[in-house]
Amino acid sequence: MTLIELHIISNGKMPLEQLCEILTDIHSYITAIHIREKQKTAKELYQAVNLLTKVNVPLSKIMINDRVDVAFVTGVAGVQLGFHSLEASVVKEKFPELKVGCSIHSYEEGQKAKMDGANFILYGHVFPSKSKPDLAPRGLEELKKLTNLDIPVIAIGGITAENTGQVMKAGARGIAVMSGVLEARDPFMAVRAYQNVLKNGDV
Ligand SMILES: Cc1nc(C(=O)O)sc1CCOP(=O)(O)O
């Protein structure tokens with residue numbers, strides 16, 4: 001059986017102590033936490049990983065956005081690469097033990113990520129998202145096409161418990177969520193609601 005995945009993406013604005021508090025409650029219900037803190041230095045990212053491990057988040061569930069150096073030094077699961085990042089092929093060659101996710105926005109980018117040896121792709125933004133206010137959402141059609149590429153596709157952008165079913169029907173391996181969990185009044189209940197759909201196909 002292929003496991004359905006639930007990734008949580010940090011939002012760059014929450015104090016790390018608060019993020020850790022949320023992760024304490026939810027880490028056993030999620031596949032991965034992506035530390036996406038673009039303003040933080042390597043040293044601060046290193047400290048963030050330490051804080052997360054102190055609340056028992058396993059290294060195997062932590063992904064670092066962009067910073068291959070920090071991912072390697074901390075021994076986390078892997079690194080999430082964007083268009084400005086090092087090429088996936090280079091990272092795979094030099095750090096074969098790191099899991100590599102590629103953030104992509106088109107079918108062609110998905111093909112390249114697969115060719116480069118990425119372990120999975122994050123495709124978005126599928127639905128309107130507050131964090132991408134100036135860009136039109138990409139919808140489900142390209143997502144469906146990408147799921148034929150024989151690489152796990154994780155959908156991102158505006159994913160709610162209500163629209164998760166559509167994304168999974170389109171063939172995604174899972175979802176990646178930022179505001180739906182981290183800005184929820186009760187992040188624990190929010191994660192349970194997503195998991196409910198992922199497991200049972202309904203809200
Ligand atoms: C970090 C990120 N990347 C995206 C992409 O399309 O690549 S969308 C996104 C933000 C997702 O936030 P929310 O779950 O609150 O919509």
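Indexing begins at 1, ligand by ligand and atom by atom, following the structure's order.
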Quick check on K132 - does any of its heavy atoms sit under 4.0 Å from an atom of ligand 1? yes
Using heavy atoms and a 4.0 Å limit, tell me yes or no: is E183 in contact with ligand 1? no
Contacting atoms of ligand 1, where contact means under 4.0 angstrom from a heavy atom of R36: 1 (C)
Please state which protein non-hydrogen atom is closest to atom 14 (O) of ligand 1 and give its distance, to 0.1 Å? M178 N, 2.9 Å
When you look for heavy atoms under 4.0 Å from ligand 1, do you find them on the side chain of S179, its backbone, both, or neither? both
Is the ring centre of Y29 less than 6.0 Å from the ring centre of F188? yes
Apart from M115 itself, members of its ILVMFWY cluster (side-chain separation under 4.5 Å) are none
Is the shortest side-chain N to carboxylate O distance from K144 to E141 below 4.0 Å? yes
Let's go through Q166 and F127 carefully: what are the C-alpha distance in whole Å and the side-chain angles of both, what is the deciding distance for side chain to side chain contact (heavy atoms under 4.5 Å, CB included) to 0.1 Å, and is it a yes or a no? CA-CA 11 Å; Q166 294 173 50; F127 299 113; 4.0 Å; yes
Classify the angle between the aromatic ring planes of H7 and H34 as parallel (below 30°), tilted (30 to 60°) or perpendicular (above 60°). tilted
Answer yes when K13 and E183 have at least one side-chain N-carboxylate O distance shorter than 4.0 Å, and no when they do not. yes
Check for me whether I156 has a heavy atom closer than 4.0 Å to any atom of ligand 1. yes
Determine, for E87 against K92, whether the closest basic-nitrogen to carboxylate-oxygen distance falls under 4.0 angstrom. no
Shortest protein contact, atom 11 (C) of ligand 1 (heavy atom only): S131 OG, 3.6 Å
Please indicate whether any nitrogen or oxygen in S103 is less than 3.5 Å from any nitrogen or oxygen in ligand 1. no
Heavy-atom contact under 4.0 Å between H105 and ligand 1? yes
Taking the minimum heavy-atom distance to atom 6 (O) of ligand 1, which of H125, K38, R138, Q80 ranks first? H125
Output every pair passing side-chain hydrogen bond (donor to acceptor under 3.5 Å, both in side chains) with a member in residues 44-57, not counting sequence neighbours, ordered by first then second residue. T41-E44
Is G158 near ligand 1, meaning one of its heavy atoms is under 4.0 Å from it? yes
